There are 4 protein chains.
Amino acid sequence: MRGKSTTPRKLPTQTRSRQTVATILEAAAQVLMRNGYDRTTTNLVAEKAGVSIGSLYEYFPNKEALVAALASAHIDELIARIDNALQISEEETPSSFVGALIRAGLDAHRVNPALHKVLVEQVPRIGGLAESLDIQTVLQQKIEHGLHERSPHLPPTRARMIALVLETCIEALTHRAIVEKPDWLETGEIEAEAQLLLEPYFQGAL
Amino acid sequence: MRGKSTTPRKLPTQTRSRQTVATILEAAAQVLMRNGYDRTTTNLVAEKAGVSIGSLYEYFPNKEALVAALASAHIDELIARIDNALQISEEETPSSFVGALIRAGLDAHRVNPALHKVLVEQVPRIGGLAESLDIQTVLQQKIEHGLHERSPHLPPTRARMIALVLETCIEALTHRAIVEKPDWLETGEIEAEAQLLLEPYFQGAL
Amino acid sequence: MRGKSTTPRKLPTQTRSRQTVATILEAAAQVLMRNGYDRTTTNLVAEKAGVSIGSLYEYFPNKEALVAALASAHIDELIARIDNALQISEEETPSSFVGALIRAGLDAHRVNPALHKVLVEQVPRIGGLAESLDIQTVLQQKIEHGLHERSPHLPPTRARMIALVLETCIEALTHRAIVEKPDWLETGEIEAEAQLLLEPYFQGAL
Amino acid sequence: MRGKSTTPRKLPTQTRSRQTVATILEAAAQVLMRNGYDRTTTNLVAEKAGVSIGSLYEYFPNKEALVAALASAHIDELIARIDNALQISEEETPSSFVGALIRAGLDAHRVNPALHKVLVEQVPRIGGLAESLDIQTVLQQKIEHGLHERSPHLPPTRARMIALVLETCIEALTHRAIVEKPDWLETGEIEAEAQLLLEPYFQGAL
DNA sequence: GATGAATGAGTCTTCATTCAT
DNA sequence: TATGAATGAAGACTCATTCAT
């Protein structure tokens, strides 16, 4: 059972099919969030979607592929959000750059956090999927890119390390806040605290 | 089956049975690390342990209890390590305190990291277990305590926030390094980088 | 697992599935009669039915529900028989009424007595099922009704007692005859003896 | 597993052994009454008895033998009670004889009715055991004997039938009362009703 | 394409029974 | 004799997946 293909079985070209796929994915998200991965059964997803189990398998070769598709869509949304957050505040001071990064991290976590949690924590490491699920990869590359623009002379190794540190801490603090003190997200408390922590580090590193 | 008891079924009194329990736990750890929680079957664990399935259930009322026992033992080891790391460097400078914290975090992660990973990431939230599995709780309380000793006037709310930030970042950076660049642990690179990040923050916060 | 649902899982709509359900029930009856409740395994029933174990659980959520369905069908047959026996001899003399009752009791016991025996004696009291399994409830109510029609002035308490006595004795004698002297059922011996016992009692009671 | 011996493994000759056996049987009765046959495990019985499971199997070759021994002891008590009840009222009128029979039946049912119920209803027909468990056999023979003394000319076939009818109805009414209206036993209601039913029959039959 | 009945390998778990100490 | 650790056959039940219609 190792080499399970996680590629969708067929591309839905017709409108009706695309609608069906969307419905299934939506149902899958619901069930996944309510029940967790283990208790998510393909039959249940099909039922919730108002679609026969046969139809589900018409579009997704197996359970993993279904979840993979869901995760993929989720990641796309994440990236869009991050891009957006970074573009909005394109100011040039280091302070505002760090601030933008933090806001991007927070924003990304506002995309269906419940689904994100299940996908990250419960999905039993579906073939190389989980790794890219973390906002890490996405955000980190953006940071590296931004660093290079700001300080072209920075050695790549150094840039990578700084990006990793920034990304890791933003991600971790955001995640922690979500889990433990969701209201901190509203009050802007972690946002401020993160700035307090990361800005000096960023300044010193350039 | 929500309310599953995770209490061991009976305490092994005789030498023979204590040996059996140890063997089972060892096998469980192996299987868990190799297969992940879902693909860990009680029958497989028993077989690997060279013990009948009946014997396993003699001591553990169910699969969850088995994993819970394993986790419990793991946590104990973690705490011991952290205590140890913090006691060794009891120096008084903020710099050395932060250094000790970082080293404690790193040290803790050296206790069977593979098992730790499965326990943290894959265990489907066994009754309130996962929460305390993170080194978070343990380390964070140590930090809060240390802060209070150093700056008795610090408001508790503030102390808690600082502790949370320190702990979260140490944990996250360590974890990240383990997963992505295990050699950084040896070279002391993240240790240094973490110090670079956290010391100024800590100093400013006092 | 105390509160086990004994409700059928889904109603078979298609012809094919209805056939499957029928086959399963038939097999269940066979196995139950041959092996008794304890030695009746769902796997064995499925095998005997030439159906996969999964199909069995498609329609019956658990073993008890399977037996419950069987019992339910059996009870329906019983009631039909009793109704029939009572309607046939609608004559008005007390003697013929008692005779009709006795014949109804005997008739009821001719509906698959082997299955009846297992259901009554071996079924470990499946949720409120056993109570209504006895022909008691059914027959007794018919008797009470008949008494009320014949002697409207009879106090209800008294009517209930008489009905209970009549029903209990008919049931007991029939059951006893079946177990010990099945041929008495053919020769009409207990029928006569029951009449000898019950008619005077009935007459005196009105 | 068919031909299971229900004979006790060894006769306890020593006093200590006999005590152990008694303790086990007592525990078995408790567990049987509380849990029913299926949920009665030999391990639980041994534990309740404060005896090792090994010791239990020292005296009883298997679970069935254990229950059989219990049933056997229960039957002995029943017989003693019946004998007693019949002897007390040795009067000669048919009326008093019937009364004595009824009282004997009732009395017999007062011997540990809870255990009696489990033994009769739940024990999966342990090799020919259940049949003799009913008070039937015992009481019926007493009746036949009594009839023969009173009317030596009565054909044996006839005597048997009368005994069967009397016994069956007494047993059934008593049982029914116990299950449905336990207070009727105290008020003497069924006792009276049974007399009303059976005395005329008995008189006419002689 | 869609349907949903059918499949059956695979899980957890129990408990009567044995046997080394 | 007594102990209780160990055994393992067996049973209820799930759910991803297939395929005839």
Side-chain angles (χ1 to χ4, degrees), chain A residues 1 4 10 12 14 16-17 20 38-47 51-64 66, chain B residues 1 4 10 12-21 38-46 51-64 66, chain C residues 1 4 10 12-21 38-47 51-64 66, chain D residues 1 4 10 14 16-17 20 38-47 51-64 66:
Chain A
M1 305 288 131
K4 238 175 209 169
K10 66 170 86 170
Q14 298 176 7
R16 181 162 56 128
S17 305
T20 305
D38 287 353
R39 294 225 255 263
T40 292
T41 73
T42 51
N43 283 290
L44 186 52
V45 169
E47 191 186 345
V51 154
S52 85
I53 180 66
S55 291
L56 188 154
Y57 276 88
E58 195 69 28
Y59 295 109
F60 304 95
N62 52 51
K63 187 180 172 181
E64 293 203 352
L66 174 61
Chain B
M1 307 299 128
K4 238 174 208 168
K10 73 159 109 172
T13 48
Q14 296 184 5
T15 325
R16 180 163 51 133
S17 53
R18 208 170 308 166
Q19 178 55 44
T20 302
V21 167
D38 287 349
R39 291 215 245 267
T40 292
T41 74
T42 52
N43 284 294
L44 187 51
V45 170
V51 150
S52 89
I53 181 65
S55 290
L56 189 155
Y57 277 91
E58 191 80 18
Y59 298 107
F60 303 98
N62 51 52
K63 187 181 169 182
E64 292 203 353
L66 176 61
Chain C
M1 308 300 127
K4 239 175 207 167
K10 74 159 111 171
T13 47
Q14 296 185 4
T15 326
R16 179 163 54 135
S17 54
R18 208 172 307 166
Q19 178 56 43
T20 303
V21 168
D38 287 349
R39 291 216 246 266
T40 292
T41 74
T42 51
N43 284 294
L44 186 52
V45 169
E47 193 186 347
V51 150
S52 90
I53 182 65
S55 289
L56 189 155
Y57 278 91
E58 191 82 17
Y59 298 106
F60 304 97
N62 52 52
K63 187 179 169 181
E64 292 203 353
L66 176 61
Chain D
M1 300 286 132
K4 237 175 209 167
K10 64 169 88 171
Q14 299 176 9
R16 182 163 54 128
S17 305
T20 304
D38 287 352
R39 292 225 256 263
T40 293
T41 73
T42 51
N43 283 290
L44 186 52
V45 169
E47 192 187 344
V51 153
S52 85
I53 181 66
S55 291
L56 188 154
Y57 276 88
E58 195 70 29
Y59 295 109
F60 303 96
N62 53 50
K63 188 181 172 181
E64 292 203 352
L66 175 61

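Chain naming here is simple, since letters A, B, ... match the order of the sequence lines and numbering starts at 1 in each. Note that the structure is predicted; figures quoted are calculated from it, not measured.
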ask   = Per the atom types in the model, does the base of F/dA10 pair as donor or acceptor with the side chain of C/Asn43 at under 3.5 Å?
value = no

DNA chain E: 5'-proximal contact among D/Thr40 and B/Thr41 (nearest heavy atom) = B/Thr41

request  = Provide the closest heavy-atom pair for A/Thr42 versus A/Leu56 in the form atom of the first, atom of the second, distance.
outcome  = O-CD1, 3.6 Å

ask   = Given E/dG4, E/dA9, F/dA6, which nucleotide is nearest the side-chain atoms of C/Ile53?
value = E/dA9

task = Please report, rounded to the nearest Å, how far the P atom of F/dA9 is from the CG atom of C/Asp38.
result = 21 Å

query = Within less than 4.0 Å of OP1 or OP2 of E/dT7, is there a side-chain N or O belonging to C/Ser55?
reply = yes

request  = Indicate whether OP1 or OP2 belonging to F/dA2 is found under 4.0 Å from a side-chain N or O atom of D/Tyr59.
outcome  = yes

request  = Mind calculating the distance between CG (B/Leu56) and C1' (F/dA5) to the nearest angstrom?
outcome  = 14 Å

ask   = With D/Ser55, which residues qualify under side-chain hydrogen bond (donor to acceptor under 3.5 Å, both in side chains), at least two apart?
value = D/Ser52

message = Measuring from the side chain of B/Ser52 (C-beta onward, heavy atoms only), which nucleotide among F/dA16, F/dG8, F/dA12 has the closest atom?
response = F/dG8

ask   = In whole angstrom, what separates A/Arg39's CZ from F/dA16's C1'?
value = 17 Å

inquiry  = Would you say D/Thr42 places a side-chain N or O within less than 4.0 Å of OP1 or OP2 belonging to E/dC15?
reply    = no

key: B/Thr20 side-chain N/O to F/dA6 phosphate OP1/OP2 under 4.0 Å   = yes

note = Here the distance between atom C1' of F/dT17 and atom CG of A/Leu66, to the nearest Å, is 14 Å

query = Got a sec, which residues hit side-chain hydrogen bond (donor to acceptor under 3.5 Å, both in side chains) with B/Thr40, two or more places apart in sequence or on another chain?
reply = none

query = Where is the tightest heavy-atom contact between B/Phe60 and B/Val21, given as atom of each residue plus distance?
reply = CZ-CG1, 4.1 Å

key: Spacing of CG belonging to A/Asn43 relative to NZ belonging to A/Lys63, to within rounding of 0.5 Å   = 10.5 Å

remark   = Here the distance between atom P of E/dA16 and atom CG of D/Asn62, to the nearest Å, is 11 Å

Consecutive-pair stems (at least three Watson-Crick or G-U pairs, under 3.5 Å) that include DNA chain F = E:2-21 with F:2-21

Separation of atom CD in D/Glu47 from atom P in F/dA5, rounded to whole Å = 12 Å

key: Atom-pair distance (CZ on C/Phe60; P on E/dA5), nearest Å   = 14 Å

request  = Can you figure out which of E/dT13, F/dA5, E/dA16 approaches the side chain of B/Lys63 most closely?
outcome  = E/dT13

ask   = Are D/Leu66 and D/Tyr59 close enough, and set up right, to give a side-chain contact (heavy atoms from CB on, under 4.5 Å), and what steps lead you there?
value = CA-CA 9 Å; D/Leu66 175 61; D/Tyr59 295 109; over 6 Å; no

ask   = Nearest to the side chain of A/Tyr57, which nucleotide is it out of F/dA6, E/dT11, F/dT17?
value = F/dT17

request  = Let me know, please, whether A/Gly54 or D/Val51 comes out on the 5' side of the other along DNA chain F by nearest nucleotide.
outcome  = D/Val51

